[in-house]
A.B. asks: 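Just dropping this structure here.
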Amino acid sequence: MEYELPTEFDIIIIGTGVIESIISAAASRIGKRVLHIDSNNYYGGLWASFNLDAIHKLSANTEVLDPPTDLINPDETTFALGNDFFSLKNFKTDWHIPKAETQPENENVEEKNETESEEKPEKPITQDSLIKDGRKFNIDLAPKLQFARGEFVELLISSNIARYSEYRSVSRVLTWLNGQLETVPCSRSDVFANNKVTVIEKRMLMKLFMALDSGDQEYLNYDNKTFRAFLTDKKLTPSLIHYVLYAISMSTDETLCLQGIQNTKRFLDSLGRFGKTPFLFSMYGSGEITQAFCRLSAVFGGIYALSQPLSSLIFDNENNFKGLICGKQRISAEFLVMGAEKAPPEFIKSPPRSFIARAVFITDRSIMSSEKEHLTLLLYPPEGGKNSCVIIELGTLTGTCPKDLYLVHLISQQVASPEDDFKHCVENLFSKFEDDKKPKILWSCFFSIPDSNALDLKTGVPGNVVLCPGPDLDLDYDDAVKKAKAIFSDLYPDTEFLPRAPDPEDIIIEGDTEDRNDEDEVVLKPEENTDKVAESETEAKSDNDQEVPKSENEHEE
Amino acid sequence: MGSRVNMRPTSKNTLLKVVILGDGGVGKSCLMNRFVSNQFDEHSFHTIGVEFLNKDIEIDGETYTLQIWDTAGQERFKTLRTPFYRGSDICMLTYAIDDKHSFRNLQMWKNEFLYYADVKENVQFPFIVIGNKSDVEANEREVSQVEMETWCNENAISACIETSAKNASNVQEAFATAVQHWLRLENRADKNECLYTDTVDLTKKQSENRTSCCINASDE
């Protein structure tokens with residue numbers, strides 16, 4: 001049975017990126033009839049995660065479909081969907097290991113038996129062995145970390161979307177200092193445990209953190225000066241300045257003092273909530289995030305359709321959006337929201353000028369080996385005319401790569417090309433030779449994501465149409481949340497943005513159980529439960545905004 | 001007379017995640033509603049705001065809490081992905097006996113499940129095949145019991161049952177069979193599961209004693 005989509009909605013959302021998905025969930029949540037539709041056969045758009053097989057199949061496929069003309073009235077105009085401004089650029093993957101084990105004539109069916117017989121000695125990693133485990137990879141296009149007390153985490157908790165996903169704490173923050181990797185002291189115990197920081201430096205650092213926390217206003221005198229100038233005047237040593245400037249505040253030499261202070265406070269504020277560092281990573285990859293919002297939207301009535309033959313948009317003679325043509329159907333709605341990459345080229349007044357440089361590597365060991373597996377954030381400072389780089393190293397405990405391997409993401413503002421921009425990081429951190437302590441790159445992938453965040457996505461766009469920007473350079477989603485919230489309140493002023501969804505445990509079903517068959521093997525819920533029900537009902541009403549204790553073990557280390 | 005079913009699991013029973021898959025209109029939501037609250041509404045599709053429903057079931061003196069996930073209409077345009085399937089313990093492949101096409105699609109649903117559910121390789125997964133709408137007139141039947149059994153044999157699925165959510169026939173039995181089937185396979189499987197420990201669940205209460213930045217924020 002082929003299903004037909006309903007043809008009347010309050011809002012149509014094209015594309016399943018983070019901002020679109022948050023808006024979709026928020027609209028469904030207040031009872032709007034939402035159609036959330038994508039031409040891709042996966043969720044997430046430019047924010048998606050792919051397994052090793054799927055990422056190789058990624059290619060720009062902006063095929064333009066001709067709409068059936070009988071669905072369009074004479075006084076209406078159509079615009080074909082999709083543009084090439086915002087698709088991935090410079091996409092390139094390479095293997096750096098042999099295809100198969102270098103043994104003669106085992107390329108056929110025989111292979112299985114042979115590999116089994118020599119299982120014991122350590123098997124070399126080959127392209128074939130990685131491809132065989134390819135589904136265990138979740139490779140993010142736009143990897144993100146969340147501040148434990150950031151806006152995004154607060155939204156997940158307040159809306160109860162947190163129950164759809166699991167997180168893992170970043171277990172160490174590193175930086176590149178004087179030609180080697182160093183652990184950035186984050187918490188008090190880190191500061192004291194760090195043997196690279198002298199006792200005097202420890203005092204200095206604690207003093208600075210305390211001053212910031214007690215609301216010291218000294219930085220107000222640094223109105224037009226840099227954060228570096230502020231730290232220098234505080235008489236911090238060069239290595240402390242490095243830690244605070246490049247790692248803790250994620251600043252550059254040019255960052256203004258006020259911004260640097262805010263960044264530092266944000267970092268410190270998020271400490272001590274979930275783990276040793278301020279950061280959380282979404283298990284199974286950042287692509288899970290969009291799916292969590294989409295699932296909430298579906299649970300609240302949103303209609304989902306992927307792999308759809310979307311062809312064009314219909315506008316009346318006053319340039320109001322009237323409908324979408326999908327296959328042979330015309331679907332109408334009051335509003336249209338879409339990812340910038342889905343928009344007709346006519347709507348894009350200024351093409352992107354800046355790009356996010358990206359690299360992804362599969363490696364055979366961690367950049368800084370240790371006994372337990374770490375989830376690492378490396379903040380690589382600007383060096384020799386290159387921008388600073390964010391490097392995230394994920395092990396198998398994140399659910400994004402198989403055992404004994406690491407997935408390394410590199411992110412930076414593009415200067416020349418991804419390969420060129422990361423050249424120095426690659427040379428310093430990785431090795432091309434077998435018996436080196438540095439990790440070896442087994443597979444690499446480079447690409448550029450056009451940054452649509454600084455662009456004007458409003459001029460020339462019809463009034464009931466909204467374009468959503470794609471991934472940004474931020475480490476986290478907080479800015480994406482702000483943007484989604486702003487779009488939502490433009491569309492639906494004075495409505496609540498993602499109120500808390502009820503826990504399934506709190507839902508009470510009214511039902512008829514008179515004709516219960518007592519001879520059933522199955523024991524139905526005993527009657528004495530009715531008391532409890534009433535109790536939990538009032539409980540649910542009274543402490544609506546409390547977290548429901550799901551287990552005795554309330555504090556997660 | 002109405003009764004109420006509270007969705008909060010009563011105790012620390014074994015919790016099993018159950019997904020009911022199959023084409024739209026075969027009666028997945030009806031089966032779930034019949035099982036959980038013993039009601040039937042032909043037009044009850046997905047209940048707005050319901051992610052899954054919990055229901056206790058007793059097998060051999062042990063109580064299990066079944067957490068039955070609703071597809072929320074997402075099966076219609078094949079938009080269910082890993083987050084929905086991940087962690088499933090039992091998969092009910094459902095068709096309607098008066099709809100041959102829904103029976104033919106079982107293969108597709110089984111493949112879809114195995115692809116997205118992150119099931120460990122070489123592990124036999126507890127599928128159960130359900131032929132719903134056994135209440136229809138004999139002349140409307142399009143799939144015979146023999147056809148169902150043959151398909152199950154071919155696919156190495158050992159549990160199948162015909163049910164009617166409408167007249168409540170075999171619904172409890174279907175879920176009980178599913179759990180028994182799960183138990184059989186579970187006993188055989190080795191239990192070194194739980195690959196991912198110490199993940200952060202944001203829904204759990206955290207130490208909210210907000211500290212004066214890092215000074216006291218040692219990692220207790």
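Numbered from 1 within each chain, the chains take letters A, B, ... in sequence-line order.
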A.B. asks: At a 4.5 Å cut-off on heavy atoms, which part of B:Y115 comes close to chain A: side chain, backbone, both, or neither?
C.D. replies: both
A.B. asks: Can you tell which part of A:L156 gets under 4.5 Å to a heavy atom of chain B, answering side chain, backbone, both or neither?
C.D. replies: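 The side chain, not the backbone.
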A.B. asks: With distance as the sole test, does A:R149 use its side chain to make a donor-acceptor pair with the main-chain N or O of A:S270 at under 3.5 Å?
C.D. replies: no
A.B. asks: Could you tell me which of A:R29, A:K265, A:R135 has the largest number of non-hydrogen atom pairs under 4.5 Å with chain B?
C.D. replies: A:R135
A.B. asks: Just by distance, with hydrogens left out, do B:S134 and B:E162 show a side-chain donor and acceptor under 3.5 Å apart?
C.D. replies: no
A.B. asks: Please identify each residue that fulfils ring-ring contact (aromatic ring centres under 6.0 Å, His included) with B:Y116, with sequence neighbours left out.
C.D. replies: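 Applying ring-ring contact (aromatic ring centres under 6.0 Å, His included) to B:Y116 gives none.
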A.B. asks: Is chain B contacted by the side chain of A:L212, its backbone, both, or neither, given a heavy-atom distance below 4.5 Å?
C.D. replies: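 Neither part, no heavy atoms under 4.5 Å.
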A.B. asks: Is A:R266 salt-bridged to A:D269, going by a charged N under 4.0 Å from an acidic O?
C.D. replies: no
A.B. asks: Would you call B:E140 and B:K133 a salt bridge, taking side-chain N to carboxylate O under 4.0 Å as the test?
C.D. replies: no
A.B. asks: Measure distances from A:N51 to the heavy atoms of chain B and classify the residue's part below 4.5 Å as side chain, backbone, both or neither.
C.D. replies: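 Contact with chain B: side chain only.
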A.B. asks: Does B:R81 make a cation-pi contact with A:Y42 (under 6.0 Å, within 45 degrees of the axis)?
C.D. replies: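 Output no; distance or angle outside limits.
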A.B. asks: Give a yes or no on whether a salt bridge exists between B:E147 and B:K100, defined as a side-chain N under 4.0 angstrom from a carboxylate O.
C.D. replies: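 A salt bridge links B:E147 with B:K100.
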A.B. asks: Output the residues of residues 288-297 of chain A for which the shortest heavy-atom distance to chain B is under 4.5 Å, in residue-number order; output 'none' if no such residue exists.
C.D. replies: A:E288, A:Q291, A:R295
A.B. asks: Does A:R168 make a cation-pi contact with A:F281, if we ask for NZ or CZ under 6.0 Å from the ring centre and within 45° of the axis?
C.D. replies: no
A.B. asks: Which atoms of A:A305 are under 4.5 Å from chain B, going by heavy atoms: the side chain, the backbone, both sets, or neither?
C.D. replies: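 Interface part for A:A305: both.
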A.B. asks: What's the verdict on ring pair (Phe, Tyr, Trp, His ring centres under 6.0 Å) for A:F267 and A:F279, showing C-alpha distance, side-chain angles and the deciding distance?
C.D. replies: CA-CA 9 Å; A:F267 184 101; A:F279 305 109; 5.8 Å; yes
